[in-house]
Asks: 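Quick one: structure below, then a few questions.
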Protein chains: 2
Amino acid sequence: MALDTLTALAEPTRRRICDTLRVRECGVAELVVALRMSQPAVSKHLRVLREAGVVSSRPVAQQRIYRLEPGPFQELDAWLRPYRELWSDSLDKLERHLDSNP
Amino acid sequence: MALDTLTALAEPTRRRICDTLRVRECGVAELVVALRMSQPAVSKHLRVLREAGVVSSRPVAQQRIYRLEPGPFQELDAWLRPYRELWSDSLDKLERHLDSNP
DNA sequence: CAGTTATATAACCTACCTGGCATGTTGTCC
DNA sequence: GGACAACATGCCAGGTAGGTTATATAACTG
């Protein structure tokens, strides 16, 4: 489910990390520069994202390259699906009207 | 932006409220029964959702009827859009491959 | 092996979040 | 106007989250 995913993505800093990683995968040091934040803070956020499955890491030399994983975003997309009828076309609204007024 | 929206929706209880309101709008007492939680707790969550624009309320007699608002969900949908290329078709993957290997 | 680089973890502190109970507020009915 | 019904709000306790500094770990480098 999108449970932990939303918790992970609710944090502004973590969203900035995702925005950065969306452009291209990169190591922690790059993120530290991009976010202008301390390295431990970035590592902690990456841990949360990693445990939520939002990012994955692979070792390259002494670096750890982080990359976005599609899964959680797909789950979020799926979770959002039933809510899309809130703004879908008038045909849906008519249908719901008929449902509630038999 | 989807900033406050994600914070509001990150809470499991608030997601349950949204799931309930997605079926139909209702007053606080119904939510209290549905969620099996104290009325003040529900009211507080509703406050968060209301201030995030996720729900709106209108007074009916001494009740307050809460309803889902489409806006934040639309914003979330829009925020998610650039991330959809993570799992889109192989054409995109080829494109990204060519971008990174000129 | 010693030193450096790159990152993770530990310990700690502050602040906020969420739940409970008690109480305030607003509208309705007699 | 008094009593009641439906919510909102204030206050307090417990837990957790996010930041810092200091330290541990792992992999190159000479």
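All chains are named by letter (A, B, ...) in the order of the sequence lines, taking the proteins before the strands, and each is independently numbered beginning at 1. Here the structure is a predicted model, which means the values were calculated and not measured.
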Asks: What is the distance, to the nearest angstrom, from the CE atom on B:M37 to the C1' atom on C:dG20?
Replies: 12 Å
Asks: Roughly how far, to the nearest 0.5 Å, is CG of B:L46 from OG of B:S57?
Replies: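 Answer for the OG-CG pair, B:S57 versus B:L46, is 8.5 Å.
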Asks: Find the distance B:R58:CZ to D:dA6:C1' and express it as a whole number of Å.
Replies: 16 Å
Asks: Rounding to an integer number of Å, can you tell me how far B:R15 CZ sits from C:dT18 C1'?
Replies: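 Value for this atom pair: 15 Å.
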Asks: For residues 44-55 of chain A, which residues have at least one heavy atom under 4.0 Å from DNA chain C?
Replies: A:K44, A:R47
Asks: Distance from B:I65 atom CD1 to B:E25 atom CD, nearest 0.5 Å?
Replies: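 The distance works out to 6.5 Å.
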Asks: Could you tell me how far apart B:L6 (CG) and D:dA17 (P) are, to the nearest whole angstrom?
Replies: 17 Å
Asks: Would you sort out whether B:R84 and B:L80 count as a side chain to side chain contact (heavy atoms under 4.5 Å, CB included), showing the intermediate values?
Replies: CA-CA 7 Å; B:R84 292 208 179 92; B:L80 200 57; 4.1 Å; yes
Asks: Just by modelled atom types, is the A:L49 backbone N or O under 3.5 Å from a matching donor or acceptor in the A:R14 side chain?
Replies: no
Asks: Can you tell me how far P of D:dG18 sits from CG of A:L9, to the nearest Å?
Replies: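 In whole Å, D:dG18 P and A:L9 CG are 12 Å from each other.
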Asks: Would you say A:S38 places a side-chain N or O within less than 4.0 Å of OP1 or OP2 belonging to D:dT20?
Replies: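 It does, given that an N or O in the side chain of A:S38 lies less than 4.0 Å from OP1 or OP2 of D:dT20.
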Asks: Report yes if at least one side-chain N or O of B:Y66 is closer than 4.0 Å to OP1 or OP2 of D:dA8; otherwise report no.
Replies: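 Yes.
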Asks: Is there a side-chain contact between A:L6 and B:R15 in this structure, where contact means two heavy atoms from C-beta onward sitting under 4.5 Å apart?
Replies: yes
Asks: Looking at A:E85, is its backbone amide N or carbonyl O close enough to the side chain of A:S88 to form a donor-acceptor pair, meaning the two atoms are under 3.5 Å apart?
Replies: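 Side chain of A:S88 to backbone of A:E85: a pair is present.
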Asks: Give the ring-plane orientation class for B:W79 versus A:F73, where under 30° counts as parallel, over 60° as perpendicular and anything between as tilted.
Replies: tilted
Asks: Can you pull out the residues from residues 24-34 of chain B that lie within a 4.0 Å heavy-atom distance of DNA chain D?
Replies: B:G27, B:V28, B:A29
Asks: Would you say A:T13 reaches D:dA17's phosphate, i.e. side-chain N/O to OP1/OP2 under 4.0 Å?
Replies: no
Asks: What do the steps show when you test B:L9 against B:L76 for side chain to side chain contact (heavy atoms under 4.5 Å, CB included), and what is the final call?
Replies: CA-CA 10 Å; B:L9 295 178; B:L76 185 51; 4.1 Å; yes
Asks: Of the nucleotides D:dT20, C:dT7, C:dT18, which has the atom closest to the A:S43 side chain?
Replies: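 That would be C:dT7.
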Asks: Would you say A:I17 ends up clustered with A:V48 if hydrophobic residues are merged whenever their side chains have heavy atoms under 4.5 Å apart, either directly or through other cluster members?
Replies: no
Asks: Using whole Å, what does the distance between atom C1' of nucleotide D:dG18 and atom CD of A:E11 come to?
Replies: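 It works out to 7 Å between those atoms.
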Asks: Roughly how many Å is it from CZ in A:R14 to C1' in D:dG19, rounded to a whole number?
Replies: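 Roughly 13 Å, once rounded to whole Å.
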Asks: Does B:R24 come within less than 4.0 Å of B:E30, counting only side-chain N to carboxylate O?
Replies: yes
Asks: Can a side chain N or O of B:S57 be found less than 4.0 Å away from OP1 or OP2 on D:dC7?
Replies: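 Indeed not, no polar side-chain atom of B:S57 lies that close.
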Asks: Using modelled atom types and a 3.5 Å cut-off, is there a donor and acceptor pairing between side-chain atoms of B:E11 and backbone atoms of B:T13?
Replies: yes
Asks: When we call it a touch if two heavy atoms are under 4.0 Å apart, what does B:P59 touch: a base, just sugar-phosphate, or nothing?
Replies: nothing
Asks: Return the value, rounded to whole Å, for the distance between atom CZ of A:R16 and atom C1' of D:dG18.
Replies: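 Distance, rounded to whole Å: 14 Å.
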Asks: Indicate, yes or no, whether a donor-acceptor pair under 3.5 Å links the base of D:dA8 to the side chain of B:Q39.
Replies: yes
Asks: Treat primed atoms plus P, OP1 and OP2 as sugar-phosphate and everything else as base, then score nucleotides 24-30 of chain D 5' to 3': B for base contact with protein heavy atoms under 4.0 Å, S for sugar-phosphate contact only, - for none.
Replies: ---SS--
Asks: How long is the span from the NE2 atom in B:H45 to the CE atom in B:M37, to the nearest 0.5 Å?
Replies: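 Spacing of NE2 (B:H45) from CE (B:M37) equals 5.5 Å.
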